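Note that the structure is predicted; figures quoted are calculated from it, not measured. Order of the sequence lines sets the chain letters (A, B, ...), proteins ahead of strands, with each chain counted from 1.
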2 protein chains.
Amino acid sequence: MARTQAADFDKRREAIMETAAGLYARKGFLGASVAEIAAACETSKSLIYHYYPSKEDILFDVMYSHVQSLAEAARLIDETEDDPLKKVRRIAAALMVLYAGHEANQKVLLNELANLPPDRRSVIVDHQRQLLDLMDAVLLGIRPDLKTDRPRRRALVMMFFGMLNWTHTWFDPAGPVKNSEIADIASGMFLAGLEKSAPTNSVG
Amino acid sequence: MARTQAADFDKRREAIMETAAGLYARKGFLGASVAEIAAACETSKSLIYHYYPSKEDILFDVMYSHVQSLAEAARLIDETEDDPLKKVRRIAAALMVLYAGHEANQKVLLNELANLPPDRRSVIVDHQRQLLDLMDAVLLGIRPDLKTDRPRRRALVMMFFGMLNWTHTWFDPAGPVKNSEIADIASGMFLAGLEKSAPTNSVG
DNA sequence: CCTACCGATCGGTAGG
DNA sequence: CCTACCGATCGGTAGG
């Protein structure tokens, strides 16, 4: 019976986390109260504190679960795809799927990092850096001439993530443009830009 | 003498606004207290309320002054430059100059819109939409084939602003890459992507 | 799992 | 009378 209760515990905890993610996304971490989270869960404030030690622990959970799935998805593609051009397109597509399916978590991840204490923030930032480093390696495979220009590579990788991450401010998964099209447009611009600025026509 | 006092009033008011912008950017609107703003201004809370009716009015001022200068800069280029390709490059460069020179205002504009009441928020959003509409017209000048595909144009314009606006999360004006280079990279990718996806080779 | 609370701090305002 | 400004404190609400 203890196992059954534990399973139920994790399930309720996750439900609280997802409800909190929605409120944190809409009102901000500081703008959303624990009482509001409890009300949205149709339960009491005390129940929330039974599942989480603090409001901040819920925030960490929202961010950590999401950033981990992003890094994992990219790693999987990196390991199973050889062509660096296809890597870019597949990673963009996979990230957009995860963004569109977890809009609240994505908004919170991008907007509320400052509300974590340094030690927990660095855990999240580490995972984000894994994603950036992975894309940096992919970029280097496409543009080996940039081997000694890390600052420029960093800027280029940030353009890629800029196009994708900015979608949280405007993209509507229910709208006329599908998230797969957004991924195609972003990776298309990224690759076209890399090709056009390359020293030789070795790209393509 | 009344004129001299009025001039001093505006000057002090602006100093408060810029100090508040820095705190709002670092700690968020809800995370920064009026007491902190006063302390950072080396004055009292009451003095702050002498210059602004509320904490929220300061927020509006921070956003409004910034978004207006962004829209104005783009409008000026739009009116004085004929070549749509050059328009893109010049607007990107002008926006990056304003972003780099007003980092705090830019962060606040992008992160704290939800903390304005609907009526004041719509004033800011209207100015942002002017910028988007302007870029949409420029895009249409480059890619007339997209005349009937507004959703796709919107997505393309958002890629442009995604690259530029995402810089507030990573770009360091004191770093090795200049903001003019960022503008070149972003507009280069945008234009290369437009060219590559065009139905004919009419672009360039 | 709830009601009843706490220490602290919030945005905003009082008298002078 | 006005403005510019201060130290102290208001009523409510936050997380816990």
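Between the base of D/dT13 and the side chain of A/Ser33 there is no donor-acceptor pair shorter than 3.5 Å.
Distances shown here put a side-chain N or O of B/Arg12 below 4.0 Å from the OP1 or OP2 atom of D/dC5. B/Ser54 has no side-chain polar atom (N or O) that falls below the 4.0 Å cut-off from OP1 or OP2 of C/dG11. Within the 4.0 Å cut-off from OP1 or OP2 of D/dA4, not a single side-chain nitrogen or oxygen of B/Ser46 is found.
The distance between atom CG of A/Asp57 and atom P of D/dG15, rounded to the nearest whole Å, is 14 Å. One atom, CD1 of A/Ile58, and another, C1' of D/dG15, lie 11 Å apart when rounded to the nearest Å. For the pair B/Leu30 CG and D/dT13 C1', the interatomic distance rounds to 13 Å; values are reported in whole Å. Put simply, NZ on A/Lys45 is 14 Å from P on C/dC5, counting in whole angstrom units. One atom, NE2 of B/His50, and another, P of C/dG16, lie 20 Å apart when rounded to the nearest Å. Atom CZ in B/Phe29 sits roughly 9 Å away from atom C1' in C/dG11 (whole-Å rounding). Whole-Å rounding puts the A/Asn115 CG to D/dG15 P distance at 12 Å. As rounded to whole Å, 19 Å separates atom P of D/dG16 from atom OH of A/Tyr51.
Stacking of A/Arg13 on the aromatic ring of A/Tyr51 is not recorded, the 6.0 Å distance cut-off and the 45° axial limit not both being met.
Salt bridge annotation for B/Asp78-B/Lys87: present, with a cationic side-chain nitrogen under 4.0 angstrom from a carboxylate oxygen.
Nearest to the side chain of B/Lys55, among D/dG16, C/dT3, C/dG11, sits C/dG11. Checking C/dT3, D/dG16, C/dG12 against every side-chain atom of A/Tyr49, the shortest atom distance belongs to D/dG16.
Backbone-only contact: A/Ala32 has heavy atoms under 4.0 Å from sugar-phosphate atoms and none from a base.
Shortest non-hydrogen contact noted between A/His66 and A/Tyr99 is NE2-CD2, 4.4 Å.
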Q.
Between A/Asp133 and A/Gln130, is the side-chain hydrogen bond (donor to acceptor under 3.5 Å, both in side chains) condition met? List the steps.
A. CA-CA 5 Å; A/Asp133 288 348; A/Gln130 285 173 28; over 6 Å; no
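Ring pair A/Trp166/A/His168 is perpendicular by interplanar angle, where above 60° counts as perpendicular and below 30° as parallel.
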